[in-house]
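The following block contains the structure, expressed as structure tokens.
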Amino acid sequence: MDYKFHFKYTSNNHTYETTNPENMHFSVLCNEDNDILTVTLCPRAKVSFDEFKIIRDFKFNNSQRIFTNGYQSWTLSKEYAPNSSMDEFNPKLLGIEKKKFNPRGIWGAGDLTFHDYPQKSKVFYGYTYGYVREENDITLFGSLSERAAYTIITFDANDNTITFEKDLDGVTYKDECVLLSLTTIKGSDDYCFDKYFEQMNIQKPESKPICGYTTWYNYYSSINEDIVHRDLEALASLDCKVDVFQIDDGYERAVGDWLEPDEKKFPNGLKAIADEIHSHNLLAGLWLAPFAVTPKSHIYKAHPDWLVRDENGRAHYVSHNWGGFYALDILNPEVQQYVYKVLYTVTSIYGFDLLKLDFLYACSNVPIHNRTRAELMHIAMDNIRSACPNTLILACGVPLAPVFGAVDYCRIGADISPDWFKKPFSREDVSTPNAILNSVFRRQLDNRAFLSDPDVLFLREDTKLSSVQKDIIALINSITGSVHFVSDNVSEYSDTALACFKSVIGSEGKIISAEVQQNNILTVDYVLNDSQSRLSVDLNLGTILRQ
């Protein structure tokens, strides 16, 4: 295969732009063996890159479909027709100039602060892996390791090219290193993804599918011991097997002070809650955002030197959640000790069996200490596993490659909303249609990279979802995921709602094929409990189209 190159870099305080992989400052060596391309950087001087791109030809046609994997677990990820466009977010419509995205909003959760969004049709990009589908077969392009840097894959149906770009922002190179190891695999979905994870040497997860309860999607942060006691008793009284009762956000005094529960809400502390959950023969789950702190937290006030800071010494503002939050510098030894203490305490002393670790991207939002974003995220996950090696981990708000094979469970889409028509402000924002699309088009990760969490079922009465919309969410859960949670007081379930919950947690399903057609119609052929069916959903209206 012939490749072209494009480099924009700085060396000795001068900026250069070239297409030559052999120049006075570095050489780039490419070796291709058995459809695996290895790219090695050999510096001759200190060099930092604004652009590092490798380009190959690929012939697109309108019968194909292109899948792009979004930056992190919440980012919209789906297939596109080559003659369409990534039109979910248009910076120009918001009056935002290139490279001017302010993270003081949901944008801080995505890549818009460091990567350009396509400004024309027929251009599609994603991270780590992607594919081109033609009928029932795909051509998969996948990075075999993202430890050095994230791989951004751009499919350009205008130029009939695919570009593999490395996110080397903020790093200066002086030693030889492998920057890219890319595989190309052709065949059926199952064949390609089985081979992809085999080549990465990632074994199938040993963990089992789980079902149960989380406090978040009913009460959000307004929880207390009384709510927990009531809903725990209701869940434990069901005449079916459930696994987990999880406490979500709202128990802590402030985000960042994870070992300081709100004494008014939880006067008996977290260990008493875990013990009570265990008394009902359930696994105790706890939510944390281990790298996030708000100005209200004791950690923020007592340890300003623990925060990620920009080149001007200002604390790096990550995003708007909780009124605005900041990130801990995971390469600071004291931060590492603190995070270890938190994770060790809640698991080994309090006794929580499962941790939902959220907003993980925060620690790698910007490159620091001459480390790429991908390096930082991998280091963070290594540290988490060393702190609680035997604890079940459900990752969320995280770039996916660093958690391949490193966690038991992982969210694969945006948060589900109790209102189908809630419009997302970004590709990472809360959106039920987007969550469904991600569940469908990231389905191949389930039981390969981890066990997938498609997010909760809404079965209670007091939501803005219709009965049909609840059924759609339940069906998608049944055929795409291995984590099935509700946030409801199940003692209030109608017979219909209870039957739906039982059917989902006992289901065995698989998608055969899926496609997004014109006007945002999603059609899915699937097998559920040995019966083959088709689902066609108008994602704009949340209605089922009868076949």
Side-chain angles (χ1 to χ4, degrees), residues 67-80 84-121 123-128 130 150 152 154 167 169 216-217 220 249 289 291-292 316-327 358-366 373 377 395-400 410-442 453-455 516 520 539-540:
F67 170 80
T68 60
N69 176 54
Y71 170 60
Q72 58 123 309
S73 57
W74 300 331
T75 310
L76 178 61
S77 305
K78 67 174 188 177
E79 290 184 357
Y80 299 87
S84 66
S85 63
M86 294 184 76
D87 56 3
E88 302 87 15
F89 180 87
N90 190 330
K92 288 184 176 179
L93 293 180
L94 296 175
I96 304 167
E97 296 179 9
K98 176 181 174 182
K99 296 293 186 183
K100 294 289 180 65
F101 294 99
N102 188 333
R104 292 182 180 273
I106 192 66
W107 296 325
D111 64 345
L112 294 179
T113 56
F114 65 90
H115 184 79
D116 293 339
Y117 196 80
Q119 295 294 299
K120 59 181 180 179
S121 63
V123 179
F124 315 89
Y125 83 99
Y127 288 75
T128 306
Y150 293 128
I152 303 169
T154 300
D167 172 32
D169 191 16
W216 180 249
Y217 290 90
Y220 297 97
D249 189 13
F291 308 126
H316 173 68
Y317 186 102
V318 178
S319 194
H320 74 300
N321 304 79
W322 310 292
F325 76 97
Y326 298 83
D358 208 350
F359 293 86
L360 292 173
Y361 74 88
C363 71
S364 60
N365 206 235
V366 292
R373 294 177 180 86
M377 197 68 252
C396 190
V398 64
L400 295 185
C410 188
R411 277 282 296 283
I412 51 171
D415 279 16
I416 291 274
S417 170
D419 180 356
W420 187 280
F421 301 104
K422 189 270 180 190
K423 296 297 183 184
F425 190 62
S426 82
R427 300 176 72 224
E428 288 75 32
D429 201 2
V430 176
S431 169
T432 296
N434 285 2
I436 287 172
L437 285 168
N438 274 40
S439 294
V440 169
F441 289 108
R442 279 178 169 167
D453 174 13
D455 212 11
V516 180
N520 215 20
L539 292 172
N540 295 322

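Index from 1, following the sequence. In this text the structure is predicted, and so the values were computed from the model without any measurement.
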Of all heavy-atom pairs between Ser417 and Val430, which one has the smallest distance, and what is that distance?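 Between these two residues, the closest heavy atoms are CB-CG1, 3.6 Å.
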
With sequence neighbours left out, what residues match Val516 under side chain to side chain contact (heavy atoms under 4.5 Å, CB included)?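 Once residues adjacent in sequence are excluded, the partners of Val516 under the side chain to side chain contact (heavy atoms under 4.5 Å, CB included) criterion are Leu437, Phe441, Asn520, Leu522.
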
Counting C-beta onward and ignoring hydrogens, is there a side-chain heavy-atom pair between Tyr127 and Pro399 closer than 4.5 Å?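 Side-chain contact under 4.5 Å: no.
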
Would you check, one step at a time, whether the test side chain to side chain contact (heavy atoms under 4.5 Å, CB included) holds for Asp429 with Trp74? CA-CA 7 Å; Asp429 201 2; Trp74 300 331; over 6 Å; no

Can you tell me how far CZ of Phe421 sits from OG of Ser431, rounded to the nearest 0.5 angstrom?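 The CZ atom of Phe421 is 11.5 Å from OG of Ser431, to the nearest 0.5 Å.
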
Would you give the length of the straight line joining atom CD1 of Ile416 to atom CG of Asn434, rounded to the nearest 0.5 angstrom?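 These two atoms lie 10.0 Å from each other.
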
Tyr220: ring pair (Phe, Tyr, Trp, His ring centres under 6.0 Å) partners, not counting sequence neighbours: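 Counting only residues at least two positions away or on another chain, Tyr220 forms a ring pair (Phe, Tyr, Trp, His ring centres under 6.0 Å) with Trp216.
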
Are the side chain of Thr75 and the backbone N or O of Glu428 linked by a donor-acceptor pair below 3.5 Å?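 Judged by distance alone, no pair lies under 3.5 Å.
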
For the CG atom of Asp358 and the CG atom of Asn321, what is their distance to the nearest 0.5 Å?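 CG of Asn321 is found 9.0 Å from CG of Asp358.
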
Residue list, ring pair (Phe, Tyr, Trp, His ring centres under 6.0 Å) with Tyr80, at least two apart or on another chain: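 Per chain and number, Tyr80 pairs via ring pair (Phe, Tyr, Trp, His ring centres under 6.0 Å) with Phe124.
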
Contact summary for Pro118 and Met86, nearest pair of heavy atoms: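 Looking at all heavy atoms of both residues, the closest pair is CG-SD, 4.0 Å.
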
Pair Lys78-Glu88, side chain to side chain contact (heavy atoms under 4.5 Å, CB included): steps then yes or no: CA-CA 11 Å; Lys78 67 174 188 177; Glu88 302 87 15; 3.3 Å; yes

Could I get the full list of salt bridge (charged side-chain N to carboxylate O under 4.0 Å, His left out) partners for Asp455, not counting sequence neighbours?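 With sequence neighbours excluded, Asp455 shows a salt bridge (charged side-chain N to carboxylate O under 4.0 Å, His left out) to Arg411, given in chain and number order.
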
Looking at side-chain heavy atoms only, is the closest gap between Tyr361 and Ser319 below 4.5 Å?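 The answer is yes, as the side chains (C-beta and beyond) meet within the 4.5 Å cut-off.
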
For a side chain to side chain contact (heavy atoms under 4.5 Å, CB included) check, start with the C-alpha distance between Tyr71 and Ile152, then their side-chain angles and the critical distance, and finish with the verdict. CA-CA 9 Å; Tyr71 170 60; Ile152 303 169; over 6 Å; no

Looking only at non-hydrogen atoms, find the nearest pair between Ala435 and Ala414 and report the distance.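 Heavy atoms of Ala435 and Ala414 come nearest at CB-O, 3.3 Å.
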
Closest approach of Val318 to Ala362 (non-hydrogen atoms, all atoms of both residues):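 It is CG1-CB, 4.1 Å.
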
Quick one: side chain to side chain donor-acceptor pair (under 3.5 Å) partners of Asn69, sequence neighbours excluded?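 Per chain and number, Asn69 pairs via side chain to side chain donor-acceptor pair (under 3.5 Å) with Arg442.
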
How would you list, by chain and number, every residue that makes a side chain to side chain contact (heavy atoms under 4.5 Å, CB included) with Ser121, sequence neighbours excluded?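 For Ser121 the side chain to side chain contact (heavy atoms under 4.5 Å, CB included) partners, ignoring immediate neighbours, are Ser85.
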
For Tyr125, side chain to side chain donor-acceptor pair (under 3.5 Å) partners two or more places apart: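 Counting only residues at least two positions away or on another chain, Tyr125 forms a side chain to side chain donor-acceptor pair (under 3.5 Å) with Asp111.
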
State the CG-OH distance between Asn365 and Tyr317, to the nearest 0.5 angstrom.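 Rounded to the nearest 0.5 Å, the CG-OH separation comes to 11.5 Å.
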
If you round to the nearest 0.5 Å, how far is CD of Gln72 from SG of Cys396?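 If I round to the nearest 0.5 Å, the distance is 8.0 Å.
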
Once side chain to side chain donor-acceptor pair (under 3.5 Å) is applied, do any residues pair with Asp249, and if so which ones, sequence neighbours excluded?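 Partners of Asp249 under the side chain to side chain donor-acceptor pair (under 3.5 Å) test: Trp322.
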
Quick one: side chain to side chain contact (heavy atoms under 4.5 Å, CB included) partners of Ala395, sequence neighbours excluded?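 Scan of Ala395 (side chain to side chain contact (heavy atoms under 4.5 Å, CB included), adjacent residues dropped) gives Leu360, Val398, Val403, Val407, Cys410.
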
Partners of Arg373 by salt bridge (charged side-chain N to carboxylate O under 4.0 Å, His left out), sequence neighbours excluded?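 Applying salt bridge (charged side-chain N to carboxylate O under 4.0 Å, His left out) to Arg373 gives Asp167, Asp169.
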
Reported CG-to-CD1 distance for the pair Leu400 and Ile412, which is rounded to 0.5 angstrom: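 It comes to 9.0 Å.
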
Take Arg427 and Leu112, measure what side chain to side chain contact (heavy atoms under 4.5 Å, CB included) needs, and give me the verdict at the end. CA-CA 10 Å; Arg427 300 176 72 224; Leu112 294 179; 5.9 Å; no

Who are the side chain to side chain donor-acceptor pair (under 3.5 Å) partners of Ser439, not counting sequence neighbours?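 Counting only residues at least two positions away or on another chain, Ser439 forms no side chain to side chain donor-acceptor pair (under 3.5 Å).
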
